Q: 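Pasting in a structure now, in structure tokens, and then I'll have a few things to ask.
The first residue of the sequence shown is numbered 1, and numbering continues consecutively from there. Since this is a predicted model, take the numbers as computed values, not measurements.
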Amino acid sequence: MPSMRLALAQIDTCVGDVDGNAAAVRDWVRRAADAGADLVAFPEMTLTGYPIEDLALRASFRRAAAAAATDLAAHLAADGLGHVTVVVGTVGERPSRERRVAALGSPGRPTNRAVVLRGGVVVAVYDKHHLPNYGVFDEFRIFTPGDEPCVVEVAGRRVGLVICEDIWQDGGPVAELADAGLDLLLAVNGSPFEEGKGHQRTELAARRAREVGAPLAYVNQVGGQDDLVFDGGSFVVSTAGEVLASAPQLVEHLLVWDVPLRGEEPVRGERAAPLDPDEEVYRACVTGLAGYVRKNRFRSVVLGLSGGIDSALTAAIAADAVGGENVVGVSMPSQWSSEHSRDDAADLARRLGADYRVQPIAPMVEAFEGAMTVEGVAAENLQARVRGVILMAISNMEGHLVIAPGNKSELATGYATIYDAGSIGGFAPLKDVDKSQVWRLARWRNNHALDAGEIPPIPESSITKPPSAELRPGQLDQDSLPPYHLLDEVLDAYIEHAEGRAELLARGFDPDVVDKVVTLVDRAEWKRRQYPLGTKVTALAFGRDRRLPVTSRWREPVDDPGPIEPPVVPDPTDTATPEGANR
């Protein structure tokens, strides 16, 4: 019997752009057919984009998606591709179980669906059984689960079909297919990127392949959608746990593999080299920003350039995402800005090929202070907020997206001036990257440039100088915060691993440091609620993953049950920083 060729099309889609997504499917099916594919599989909810959130609850949107699937099948046949079997994700609909509601003519409930197209028609459908309701996922509220398995015949091979979470839960549709005599188990996915998640996928897929006695093909979405990044990395794994073929991460790709008959020795296909961990995170940040800019119909970005590490790394990410010529960097020196910071900002812009501008803030600050008495921290924050106003004015006049260079460490502790150049705007590429990793990513990007024979984009002094907001003479970040290597270690334990005060002290952290950091984090929730979206790269990011009550007065109990309060720390509401040299 001739072999059956599978193509896994990991493509970038846009939520709500049903027509554009359908056009992309037609294009990639043509590429797959040219490569000899009999079966082409696309990611979860490709036609609608993913995650569609409450769009799924709109009956008009579901009707449009259903019509698009029917039209797509017909167009593929008209394109001469009707012989190719195409599996594509979309939103479906099941009849309401409530008779009274159904009798009133109300629409049914939405499902997370995969449709199988061949010969100009929809030949099979499958509705996702297990609906995740944790982390970034809210599917249990939005969708209704399916309850039927799906097996399709393609070129003499039996192919079982499941969707994403169905392979993460024991039992269910995979268990039902264990005795189905499959030649292939196909899983279509919209699995967001997280550091270190790749091996979890392949290990899980290997278990499911053994369960059904057939290779498992895993196709995943790629691209940025709001604060989520999908990293692709599609693969095929054998029942023995060997990765037989794999696609690169964070790029669109067509992975082609020949499916053996059941019991035959599987063949090995192309294998993409794994990314270095820092490269993986850096490219995820680039992908996230690029997707947000393009899908919101911007062409360029603007940000403040202070000469510090955060704004330097953010600008480098922006240049890689949209091109250096589409990055506007604005230096906004005050009376406290050092000469070396201004020089580093100008040097960075030259290296990136960015549009560089200088707008001193002193006249604006003086005008404000002439009309109103402002002293102390309020005066420092005024400088920072004037910078935010300047960036928004440029955005309004020229149509650039303002991007914020703040990092996760500062966001966690509230060490940021709200509404300033470090926190204002539409997107924050480093929102889920802690300060220690900011330095590592800057080093990786510069070394990557050197390896390619290019000039490193980030000036060395921006990486090595002590972080400072430069809002008063001699100011350093460490005047207000523990050293970043220590701060990030405490934050990781407290936020990522949800360890309480007792666990942190058991690790050997100084009690004063623990109490200060925990108090700062708990007080800063109101600021985090107002921060722009930013690329999620860790398992627990601020925003979708972690939200505490803004008005909560809960505190981790101290060892002494007496009336001793944790050490008093400055109110982070009055903490200035953002657009200084540390940015």
Q: Side chains of Ser234 and Gln10 only: does a donor on one sit below 3.5 Å from an acceptor on the other?
A: yes

Q: Could you grab the distance from atom OG1 of Thr239 to atom CD of Glu211, nearest 0.5 Å is fine?
A: 13.0 Å

Q: Answer with yes or no whether the side chains of Asn112 and Glu44 bring together a donor and an acceptor at under 3.5 Å.
A: yes

Q: Restricting to non-hydrogen atoms, name the atom on Ala428 and the atom on Pro532 that form the minimum distance, rounded to 0.1 Å.
A: N-CB, 4.3 Å

Q: Checking side chain to side chain contact (heavy atoms under 4.5 Å, CB included) between Leu8 and each of Val256, Val40, Val236, Leu254, which is the one that passes?
A: Val236

Q: Looking at Arg283 and Glu279, is any side-chain nitrogen of the basic one under 4.0 Å from a carboxylate oxygen of the acidic one?
A: yes

Q: Could you check whether any side-chain N or O of Gln169 sits under 3.5 Å from a backbone N or O of His130, counting only pairs where one atom can act as donor and the other as acceptor?
A: no

Q: Looking only at heavy atoms, what is the nearest atom pair of Tyr531 and Ala404, with distance?
A: OH-CB, 4.0 Å

Q: Hey, can you pull the donor-acceptor pairs under 3.5 Å for the side chains in residues 175-187, sequence neighbours left out?
A:
from, atom 1, to, atom 2, distance (Å)
Asp183, OD1, Arg262, N, 2.6
Asp183, OD2, Arg158, N, 2.8

Q: Rounded to the nearest 0.5 Å, what separates atom CD in Glu139 from atom CD1 in Ile52?
A: 9.0 Å

Q: Any non-hydrogen side-chain atom of Leu289 less than 4.5 Å from a side-chain atom of Ile317?
A: yes

Q: Quick one: are Leu117 and Val115 in side-chain contact, heavy atoms under 4.5 Å?
A: yes

Q: Can you label the angle between the Phe235 ring and the Tyr218 ring as parallel, tilted or perpendicular, going by 30° and 60°?
A: parallel

Q: Applying salt bridge (charged side-chain N to carboxylate O under 4.0 Å, His left out), name anything that partners Arg271, two or more places apart in sequence or on another chain.
A: none

Q: List the steps, then state whether salt bridge (charged side-chain N to carboxylate O under 4.0 Å, His left out) holds for Asp310 with Lys435.
A: CA-CA 8 Å; Asp310 293 322; Lys435 188 76 171 189; 2.9 Å; yes

Q: Looking at Gly223, is its backbone amide N or carbonyl O close enough to the side chain of Asp12 to form a donor-acceptor pair, meaning the two atoms are under 3.5 Å apart?
A: no

Q: So do the side chains of Val237 and Thr202 get within less than 4.5 Å of each other, counting heavy atoms only?
A: no

Q: What I want to find out is whether Asp170 reaches Arg208 closely enough, with some N-O distance under 4.0 Å, to be called a salt bridge.
A: yes

Q: Identify the heavy atoms of Cys285 and Thr535 that sit nearest to each other, and give their distance.
A: O-OG1, 4.1 Å

Q: Taking C-beta and beyond as the side chain, do Tyr292 and Gln225 meet within less than 4.5 Å on heavy atoms?
A: no

Q: With distance as the sole criterion, is a donor-acceptor pair present between the side chains of Asp166 and Tyr126 under 3.5 Å?
A: yes

Q: List the steps, then state whether side chain to side chain contact (heavy atoms under 4.5 Å, CB included) holds for Val521 with Leu491.
A: CA-CA 9 Å; Val521 171; Leu491 290 174; 3.5 Å; yes

Q: Taking Gly196's backbone N and O only, do any of them form a donor-acceptor pair with His199's side chain (distance below 3.5 Å, no angle check)?
A: yes

Q: Does CG belonging to Leu450 count more than 12 external heavy atoms closer than 6.0 Å?
A: yes

Q: Check whether Lys431 reaches the backbone of Pro405 with its side chain - one donor and one acceptor, N or O, closer than 3.5 Å.
A: no

Q: Using only atom types and a distance under 3.5 Å, with no angle test, would you say the side chain of His75 pairs donor to acceptor with the backbone of Asp71?
A: yes

Q: Please check this pair: side chain of Asn407 against backbone of Glu410, looking for a donor-acceptor N/O pair closer than 3.5 Å.
A: yes

Q: Does a sphere of radius 6.0 Å around CZ in Arg299 hold more than 12 heavy atoms from other residues, nucleotides or ligands, not counting ones at 6.0 Å or beyond?
A: no

Q: Going by the angle between their ring planes, with limits at 30° and 60°, are Tyr134 and Phe137 parallel, tilted or perpendicular?
A: perpendicular

Q: Which pair of non-hydrogen atoms, one from Val188 and one from Pro43, has the smallest distance, and what is that distance?
A: CB-C, 4.2 Å

Q: Between Asp127 and Arg113, does any side-chain N to carboxylate O distance fall below 4.0 Å?
A: yes

Q: Nearest 0.5 Å please: distance from the CG atom of Leu441 over to the OH atom of Tyr282.
A: 8.5 Å

Q: How close do Leu250 and Phe230 get, counting heavy atoms only, and between which atoms?
A: CD2-O, 4.1 Å

Q: Determine, for Asp38 against Arg118, whether the closest basic-nitrogen to carboxylate-oxygen distance falls under 4.0 angstrom.
A: no

Q: Using a strict cut-off of less than 4.0 Å between a Lys/Arg side-chain nitrogen and an Asp/Glu carboxylate oxygen, indicate whether Asp27 and Arg30 qualify as a salt bridge.
A: no

Q: Between Glu496 and Lys408, does at least one N-O distance fall below 4.0 Å, as a salt bridge requires?
A: yes

Q: Using only atom types and a distance under 3.5 Å, with no angle test, would you say the side chain of Arg62 pairs donor to acceptor with the backbone of Val91?
A: no

Q: Can you list the steps and then say if Arg507 with Glu503 is a salt bridge (charged side-chain N to carboxylate O under 4.0 Å, His left out)?
A: CA-CA 6 Å; Arg507 280 175 174 253; Glu503 290 89 351; over 6 Å; no

Q: Let me know which of Lys197, Gln221, Gln200 forms a side-chain hydrogen bond (donor to acceptor under 3.5 Å, both in side chains) with Ser191.
A: Lys197

Q: Going by salt bridge (charged side-chain N to carboxylate O under 4.0 Å, His left out), Lys536 matches just one of Asp231, Asp226, Asp545. Which one?
A: Asp545

Q: Would you say Val15 and Tyr50 make side-chain contact, with heavy atoms under 4.5 Å?
A: no

Q: Could you tell me if Ser409 and Asp434 have a donor-acceptor pair between their side chains, going purely by distance under 3.5 Å?
A: no

Q: Could you state the interatomic distance from OG1 (Thr48) to CE (Met45), rounded to the nearest 0.5 Å?
A: 3.5 Å

Q: Just by modelled atom types, is the Leu533 backbone N or O under 3.5 Å from a matching donor or acceptor in the Asp227 side chain?
A: no

Q: Look only at the side chain of Asn447 and the backbone of Arg443, and say whether a donor-acceptor pair between them is shorter than 3.5 Å.
A: yes

Q: To the nearest 0.5 Å, how far apart are OG1 in Thr90 and CG in Leu47?
A: 4.5 Å

Q: Between Ile458 and Ala442, which heavy-atom pair has the shortest distance, and what is it?
A: CD1-CB, 3.7 Å

Q: How about Pro132 and Trp168: do any of their side-chain heavy atoms sit closer than 4.5 Å?
A: no

Q: Which value, rounded to the nearest 0.5 Å, describes the distance between Leu57 atom CG and Asp54 atom CG?
A: 5.0 Å

Q: Are Arg26 and Asp79 ion-paired here, with the side-chain N under 4.0 Å from a carboxylate O?
A: yes

Q: Is Arg63 salt-bridged to Glu93, going by a charged N under 4.0 Å from an acidic O?
A: no

Q: Please determine whether side chain to side chain contact (heavy atoms under 4.5 Å, CB included) holds for the pair Glu489 and Phe509, giving the CA-CA distance in whole Å, both sets of side-chain angles, and the decisive distance to 0.1 Å.
A: CA-CA 10 Å; Glu489 192 175 352; Phe509 292 122; 3.7 Å; yes

Q: May I ask you to test the Asp492-His497 pair for a side-chain heavy-atom distance under 4.5 Å?
A: yes

Q: Less than 4.5 Å apart, any side-chain heavy atom of Val159 and any of Val151?
A: no

Q: With distance as the sole criterion, is a donor-acceptor pair present between the side chains of Thr111 and Arg94 under 3.5 Å?
A: no

